Amino acid sequence: MSQKLDSRYDPAGIEAPMYRRWEEAGLFHVPAGQVERPYVISIPPPNVTGALHMGHGLNHTIQDVLIRWRRMQGFDAVWVPGTDHAGIATQNVVERELAKNGVSRWDLGREAFVEKVWDWVHEYGGQILEQQRAIGDSCDWERTRFTLDDGLSRAVREVFVRLYDKGLIYRGEYIINWCPRCRTALANEEVEHRDEPGKLYHIRYPSAVEGGQDLVVATTRPETMLGDTAVAVHPEDPRHAARVGQDLLLPLVGRLLPVIADEYVDLEFGTGALKVTPAHDPNDFEIGERHELPRVNVLEAEGTISGEAPEAYRGLDRFEARERIVEDLEAGGFLVEIEDHLHAVGHCYRCDTIIEPWLSEQWFVRMRPLAEPGLAAYREGRLRFHPEHFGKKYEHWMENIRDWCISRQLWWGHRIPVWYCEACGSEIVSRDDPTECPHCHGELVQDPDVLDTWFSSALWPFSTVGWPEETADLEALYPTDTLVTASEIIFFWVARMVMMGLEFMGELPFADVVINGTVRDHRGRRMAKSLGNGIDPLEVVERFGADAMRYTILSGASMGTDIQLNYQDLDAAFAVGRNFANKIWNAARFALPYLTEEDLATSPEDRELELADRWILSRFQSTAHEVTEALEAFRLHDAAAAVYQFGWGELADWYIELAKLRLGGARGDASRAAASTTLAHMLDGWMRLLHPIMPFVSEAIATRHPGRSEEDTIVRGPWPEPPDSWEDDAAEAAFAGLQELVGQVRNLRAAYGIDPSRQLTVLVRGAPPGLAGAMAAEGEGISRLARAVFQGADGLPAGPGAHAVLQSGAELFLPLADVVDVERELGRLEKELLRLESLLESSRARLDSPAFVEKAPAAVVEREREKQTSLAERRRLLVEKRRALGEG
RNA sequence: GGGCGAAUAGCUCAGUCUGGUCCAGAGCGCCUGCCUUACAAGCAGGAGGUCGCAGGUUCGAAUCCUGCUUCGCCCACCA
């Protein structure tokens, strides 16, 4: 109903159709074989069943800014998108769905279950790819990949076979991390340790020897005692030396346990006696190896007590068994003490179930040989992290790397390409599915396990572009340039990509790793489904636009730091970006009607430029450099701030305000033409600098320039590279003087509560040539901004009025007999005088110190002298005024 | 137990690597005044900070060094 509504920027109607146009025009796509000047980012593939969350919002915004900026610079920018099959996560999703109907995966059987997961993926998977379009991700969609694609699966097999042939993949029985709910092994990195209050149970193991002494051991997991096969003491422990070699009797089980000596035992802890359970503790496993102890596995895959245990406990869940055993120990008089005990408990990173260290046969990758080149690359500076300190994390992990358990007892994933011959027992590792044993023609059975999801992720930068085929894309798009990811993924993914890239491509997959922070709520908590404190990026896009979301995100956190967003008040959370988008829109709404086709075709330098024109061109020149440099250094936050400050604080607040008169023709045609041509270039340049960050609104405005249409997209640039000739220090200095002048008048007006509409007269005495010239050039303009007429004066009247002394030493006087009372003005002057006094004092102290004059660089001393002279002059003028005022 | 990071305005954060142009900036919030026809999602003005604490280096420290305190993260097999 009113114009106000129209003045608000409405992204909803603009963004989606614009994205469609971009995609249809193929602006994000570079055909294979035509990549000549590549800039490549391989996306961290989101889970195929996942939905976009704010973490993606942050991560993708950074990638898209880099990609769009390089594309505008003329690079063949390719952002390779795709999804990850995410073994456990996806399988869990489908299992949960089945469970609603009371069906388990075992009910269905392997083949049918995998079929179901594929159905699920085809139906619901990949929605995230659509959602990415909503936030503006300019991916090369024709290159979309999925980790279970045929091509990527071939790469997985190729890598497995080559590593196996090289002796870097082996199978063995070891203690691994077992999730009894997922019923699969996990890698060390997939276990999350949390300190939790627990109990430390002290249990007396009676001696089996006549007259021998009992030993008290301590454990946090009493149920594992069922699998004890020894008790260990330190070889130099005087308390127990005599007992080594004697047997103890395992309570509740009745097994004889030898007392052995092993240096692993900590003399300080408890009684110095350690129960040894080789099948359920990694350290005990090693002790067991050294002493050739039997391994008694008392747990089933689902976490219940196995047939190796006494009948009374078989089939009980591990925690039930714990309670029962504690009761029975107590009843039998074996329980000495129960202590409260805080200890780290491992949880499954996918389902949070408590992990059991469990003995089983698994496949492993020998990591140390792979890690060496990866470490060297980092230490030689070929692999760089941003911020730098994250490199230390990488280095430390690589230095202490342990073998990687890659087999998972899941059904969803890349099946391990190993077959066993039932007839002759051979183990066949093959790129293709063999039909019979090559040795004896016997029947083959494939290993039932699948590979860790991260195994295929590790190959992502080259498997997505064709490897192991030698494609044009592989040639052009590997290595990529920049990886953008979260710090918690450095071990899971970054390090492994580096190792695999070096091993199979002979080259790092990327040179720069940009680490983004975490998105948190306003209370600093990580956004999580379980906390219900998440923000849906799609809702943000709908309400405020993708641009507003992107700008808010970038402005909220500098490189590597976390960002806080209030999920309870989205209006407040995204106000920064929304307001900025609106400001941009309105600045353009004002400017565009004045511009002509000719303006953009004409170089500003061909017009009769005035001070304000030269000033804004100079400001733009320096802003463009600042933005480019910030982007080169991955300081996106600084780039965003610079574009904001230029556009709002300089172009809109000053240039446009001053240009209003000229654009209206008040100062003649030449002036009008200079203003409109300058404005056209500034608006266009600003939109281009802004485009990587806020692609939609910038494109909308840039294509609305007179003479342009939707066809004239800025998606492919060019990126602004203003000529050095636009730099103009003199104009900047003169203009700064004007800004100070206007600011002083506004300040005095506010200080005396003068009606904003009242036209003032301002007398200026002693303006240096630069300022005097500027006042002459922009007289009407600054009159408008200050609502005052400026007059040069040789002397200032003695009557009542408001005074100010500018930095240049020029004096400013507002003859305002009606509103200025002498007392108040004296107070104001006094305050200003005090300020100058204290500045002068510290300056003088410095210059009076011989040490400063001798040791500080000459330039610093010189600057200090100039400062003092100027301060002294300003003080002198103020003192004079005060006296005149006091006398008057 | 190791390692890393953070601490600057009421809030969220820049600035610290490369000490002087910073008696420290931005946005939000707050106070005052404005519907000045691009924008009230706006305009103008203003208040607000012992730069965590204690030492040290230096002519000079938010910035470099040492110690401490408080948060956060990562790694780690002390049962």
Side-chain angles (χ1 to χ4, degrees), chain A residues 3-4 7-9 175 188-189 193 200-201 217-221 224 232 264-266 268-270 273-277 281-286 341 343-344 357 387-390 392-393 396-397 400 487-488 490-491 518 522 524 544 548 552 555-558 560-566 571-572 575-593 635 637-638 641 644-645 649 652-653 656-657 660 742-743 746-751 753-757 784-787 835 838-839 841-842 846 849-857 859-861 863-864 867:
Chain A
Q3 271 206 306
K4 277 179 186 167
S7 70
R8 291 198 173 183
Y9 174 54
I175 296 272
N188 298 320
E189 292 71 30
H193 292 276
L200 188 61
Y201 302 86
V217 298
T219 180
T220 53
R221 295 181 296 150
T224 62
Y264 169 76
V265 180
D266 184 349
E268 310 291 314
F269 194 91
L274 170 72
K275 65 190 268 306
V276 184
T277 323
D281 183 282
N283 301 306
D284 293 9
F285 178 83
E286 281 172 24
H341 186 68
H343 62 139
E388 265 173 60
H389 70 258
F390 283 110
K392 289 182 196 157
K393 225 171 127 169
H396 182 258
W397 187 76
N400 298 286
S487 69
E488 59 263 33
I490 291 176
F491 310 142
T518 305
H522 55 294
F544 313 112
T552 300
S555 72
S558 58
T561 63
D562 295 348
I563 176 174
Q564 297 203 14
L565 294 169
N566 186 344
D571 280 299
V576 175
R578 182 198 54 183
N579 293 357
F580 188 36
N582 194 52
K583 183 73 185 182
I584 294 161
W585 182 252
N586 276 295
R589 221 163 57 94
F590 169 80
L592 288 171
R635 288 183 285 107
H637 171 271
D638 293 344
Y644 184 95
Q645 166 56 24
D653 285 353
I656 290 181
E657 287 304 329
K660 278 178 175 171
V742 172
R746 285 169 169 173
N747 180 308
L748 290 174
R749 189 192 286 276
I754 299 162
D755 190 325
S757 60
R784 215 181 135 268
L785 294 190
R787 297 217 161 200
R835 198 180 68 89
S838 96
L839 283 173
E841 186 48 47
S842 68
R846 235 183 259 188
S849 148
F852 173 73
V853 181
E854 279 166 33
K855 296 189 179 176
V860 172
V861 177
R863 201 156 50 220
E864 196 61 42
K867 189 169 130 194

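If you're wondering where the values come from, they're calculated on a predicted model, not measured in any experiment. Heavy atoms only: backbone and side chains are in, while hydrogens, waters and symmetry mates are out. Labels below follow one simple rule: chain letters A, B, ... track the order of the sequence lines, proteins then strands, and each chain is numbered from 1.
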*Please state the C1' separation for the pair G67(B) and C74(B) - nearest whole angstrom.*
25 Å
_Closest to side chain of H389(A), choosing from G20(B), G27(B), G5(B)_ = G5(B)
*Flag this pair as yes if the NZ/CZ of K583(A) is under 6.0 angstrom from the six-membered ring centre of Y644(A) and inside a 45 degree cone about the axis; otherwise no.*
no
*Can you check each nucleotide of nucleotides 69-79 of chain B against protein heavy atoms at under 4.0 Å and return B for base, S for sugar-phosphate only, - for none, in 5' to 3' order?*
-----SSSBBB
*Between S842(A) and T561(A), who's closer to the 5' end of RNA chain B by nearest nucleotide?*
T561(A)
_I'd like the C1' distance from C53(B) over to U70(B), given in whole Å._
11 Å
_Any R863(A) side-chain N or O less than 4.0 Å from OP1/OP2 of U21(B)_ = no
_Stem list, RNA chain B (Watson-Crick or G-U pairing under 3.5 Å, at least 3 consecutive pairs)_ = B:1-7 with B:69-75, B:10-13 with B:25-28, B:30-34 with B:42-46, B:52-56 with B:64-68
_If we ignore hydrogens and angles and just use 3.5 Å, is the side chain of R589(A) paired with the main-chain N or O of Y9(A) as donor and acceptor?_
no
*Among the nucleotides G5(B), U12(B), A38(B), which one has an atom lying closest to any side-chain atom of I656(A)?*
A38(B)
*Sidechain-backbone polar pair: D281(A) side chain, T277(A) backbone, donor-acceptor under 3.5 Å*: no
*Among C59(B), A41(B), A14(B), the one nearest F852(A) by side-chain distance*: C59(B)
*What string of B, S and - do you get for nucleotides 43-50 of chain B, 5' to 3', if B is base contact, S is sugar-phosphate-only contact and - is no contact with any protein heavy atom under 4.0 Å?*
SSSS----
*asked:* Given A41(B), C39(B), G33(B), identify the nucleotide with an atom nearest to the side chain of N579(A).
replied: A41(B)
*Short question: side chain of R784(A), backbone of K660(A) - any donor-acceptor pair under 3.5 Å?*
no
*For I754(A) and C34(B), what is the distance between atoms CD1 and P respectively, to the nearest whole Å?*
14 Å
_Roughly how many Å apart are A14(B) and G5(B), using the P atom of each and rounding to a whole number?_
15 Å
